[in-house]
2 protein chains.
Amino acid sequence: MKGLTIGQVAKRGEVNIETVRYYERQGLIPPPPRRESGYRAYPEETVNRVRFSKRAQELGFSLKEIAELLSLRVGPDTVCADVRKRAVAKIAEIEQKMETLERMKEVLAGLAAECERRGPVSECPILEAMESEEDVDAEG
Amino acid sequence: MKGLTIGQVAKRGEVNIETVRYYERQGLIPPPPRRESGYRAYPEETVNRVRFSKRAQELGFSLKEIAELLSLRVGPDTVCADVRKRAVAKIAEIEQKMETLERMKEVLAGLAAECERRGPVSECPILEAMESEEDVDAEG
DNA sequence: ATAAACCCTGTACCATGATACAGGGTCAAG
DNA sequence: CTTGACCCTGTATCATGGTACAGGGTTTAT
């Protein structure tokens, strides 16, 4: 067979068929070649694009951002310096996200542990712990 | 003054006034006490709830999940063991997210660095690098 | 005591990310 | 050579997370 059908891509990527077509429209996956019949014939790679997209989405990236990530490479229209710039910007964003996640994790771990020992009854433990670690610049 | 107005909360939380009311409807912030006039009078804490909500959202948590995080505590209706269980589950989710972010970050860093040196022209560097590090269980 | 700025409820509308048909053609097995 | 599973395009619908009034009352500074 010369390529995967949309159904196979959907199944392996664990998304709906309609979602695959939707991703194509949104530029997340390139329009695949067609068979005589008009059926899409996808390369294996497409499955990974779909999976990557799903993961990235769970990390709060929009489809537009994901499309950009997937197309981030040096090519005829994109010069190296530009790619580098965008990569570096994304790295900063990612680090920001990771820091916040790290704090959330610590807070949750503390909550679970503390609970074990004595059972805290703070109004909102998560918030109190998160606040204490961040620079609260609340000016009136 | 006995509490913040909705406008003050919105401004400090860097969201729209309508969003504050929306968050209230969605259970992210508790219905505040009212003044004689019916005006909402928020405690300072609300601003932090709003900010936390915004951050968590950027990490891919839904408003529903955020509401749960914010209410994660031992209380009259919630027993310690349950809180612990939920906290532990969230921690696992968070770790998963962090791992994916870490991989994305490494890939982007590699891309930026490589680009500096020789200019790679792989079709989709991000994907290729991400795939090589993950267990691709693609069965037909 | 009056105008600007603000808040109330309620409902309508918007963008994003899908998901669901309708109406019709294609493929694969018996 | 038909029947069920699959694919096509196009359009409608949905859930989530807001945003925007309309119509009306409140606060505050002058």
Side-chain angles (χ1 to χ4, degrees), chain A residues 1-43 46-47 49-71 97 140, chain B residues 1-44 46-47 49-71 140:
Chain A
M1 190 197 295
K2 53 167 185 175
L4 302 173
T5 66
I6 194 171
Q8 290 170 324
V9 168
K11 194 169 190 177
R12 294 197 203 176
E14 290 169 283
V15 297
N16 198 300
I17 285 183
E18 327 274 336
T19 304
V20 177
R21 283 195 278 253
Y22 179 69
Y23 281 4
E24 183 179 325
R25 289 200 298 281
Q26 302 307 308
L28 296 192
I29 58 188
R34 302 296 184 108
R35 296 205 273 177
E36 286 298 303
S37 60
Y39 281 27
R40 290 169 178 83
Y42 293 99
T46 307
V47 175
R49 282 180 100 92
V50 169
R51 289 185 182 179
F52 175 81
S53 300
K54 273 184 60 186
R55 290 233 190 152
Q57 244 188 115
E58 283 162 14
L59 293 166
F61 293 101
S62 68
L63 294 194
K64 198 175 159 191
E65 288 177 298
I66 295 166
E68 201 194 295
L69 279 171
L70 285 169
S71 68
K97 281 175 195 271
Chain B
M1 190 197 295
K2 51 168 183 173
L4 303 173
T5 67
I6 195 171
Q8 291 169 322
V9 168
K11 193 168 191 178
R12 295 196 203 176
E14 289 169 283
V15 295
N16 199 300
I17 285 183
E18 326 274 335
T19 302
V20 177
R21 284 195 278 252
Y22 179 70
Y23 281 3
E24 182 179 324
R25 290 200 298 281
Q26 303 305 308
L28 298 191
I29 58 188
R34 303 294 184 111
R35 297 206 272 178
E36 285 298 303
S37 58
Y39 282 26
R40 291 170 179 80
Y42 293 99
E44 292 278 347
T46 306
V47 176
R49 282 181 100 91
V50 170
R51 289 182 181 181
F52 174 83
S53 300
K54 274 184 61 187
R55 289 230 189 155
Q57 243 187 116
E58 284 162 15
L59 293 168
F61 293 102
S62 67
L63 294 194
K64 199 176 157 189
E65 288 176 299
I66 295 165
E68 202 194 294
L69 279 170
L70 285 170
S71 67

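Quick caveat, the model's predicted, so the values are computed rather than measured. Letters A, B, ... are given to chains in the order of the sequence lines, protein chains preceding strands, and every chain is numbered from 1.
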May I have the distance from [X] (atom [atom1]) to [N] (atom [atom2]), rounded to whole angstrom?
X     : N      : atom1 : atom2 : result
B:Q57 : D:dA15 : CD    : P     : 19 Å
B:L4  : C:dC7  : CG    : C1'   : 14 Å
B:L28 : D:dG18 : CG    : C1'   : 12 Å
B:I17 : C:dT9  : CD1   : C1'   : 14 Å
B:E14 : D:dT19 : CD    : P     : 13 Å
B:I29 : D:dG17 : CD1   : P     : 15 Å
B:L63 : D:dT19 : CG    : P     : 11 Å
B:E58 : D:dG18 : CD    : P     : 10 Å

For [N] and [X] - does any side-chain N or O of the residue sit under 4.0 Å from the phosphate oxygens OP1/OP2?
X     : N      : result
B:R40 : C:dT9  : yes
A:T5  : D:dC6  : no
B:R35 : D:dT26 : no

For B:K11, is the NZ atom crowded, meaning more than 12 foreign heavy atoms sit under 6.0 Å from it? no
Heavy-atom closest contact (B:I6 atom, B:V20 atom, distance):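 Between these two residues, the closest heavy atoms are CG1-CG1, 3.7 Å.
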Reckon A:Q26 touches a base, only the sugar-phosphate, or nothing at all at heavy-atom distances under 4.0 Å? nothing
For A:F61, give me all partners under side-chain contact (heavy atoms from CB on, under 4.5 Å), at least two apart in sequence or on another chain. A:A56, A:L59, A:E65, A:I66, A:K90, A:E93, A:I94, A:K97, B:L101, B:M104
Applying side-chain contact (heavy atoms from CB on, under 4.5 Å), name anything that partners B:P32, two or more places apart in sequence or on another chain. B:E24, B:R40, B:Y42
Scoring nucleotides 19-25 of chain C by protein non-hydrogen atoms under 4.0 Å (B base, S sugar-phosphate only, - none) yields BBB---B
Could you say whether A:G7 or B:G38 is positioned toward the 5' end of DNA chain D, judged by the nucleotide with the nearest heavy atom to each?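 Checking each residue's closest nucleotide, the 5'-ward one belongs to A:G7.
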Set of residues satisfying side chain to side chain donor-acceptor pair (under 3.5 Å) with respect to B:E14, sequence neighbours excluded: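 Testing B:E14 for side chain to side chain donor-acceptor pair (under 3.5 Å), a comparison that skips the adjacent residues, returns none.
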Who pairs with A:Y23 by side chain to side chain donor-acceptor pair (under 3.5 Å), at least two apart in sequence or on another chain? A:Q57
Just jot down the salt bridge (Lys or Arg N to Asp or Glu O under 4.0 Å) partners of A:E18, sequence neighbours excluded, or say none. none
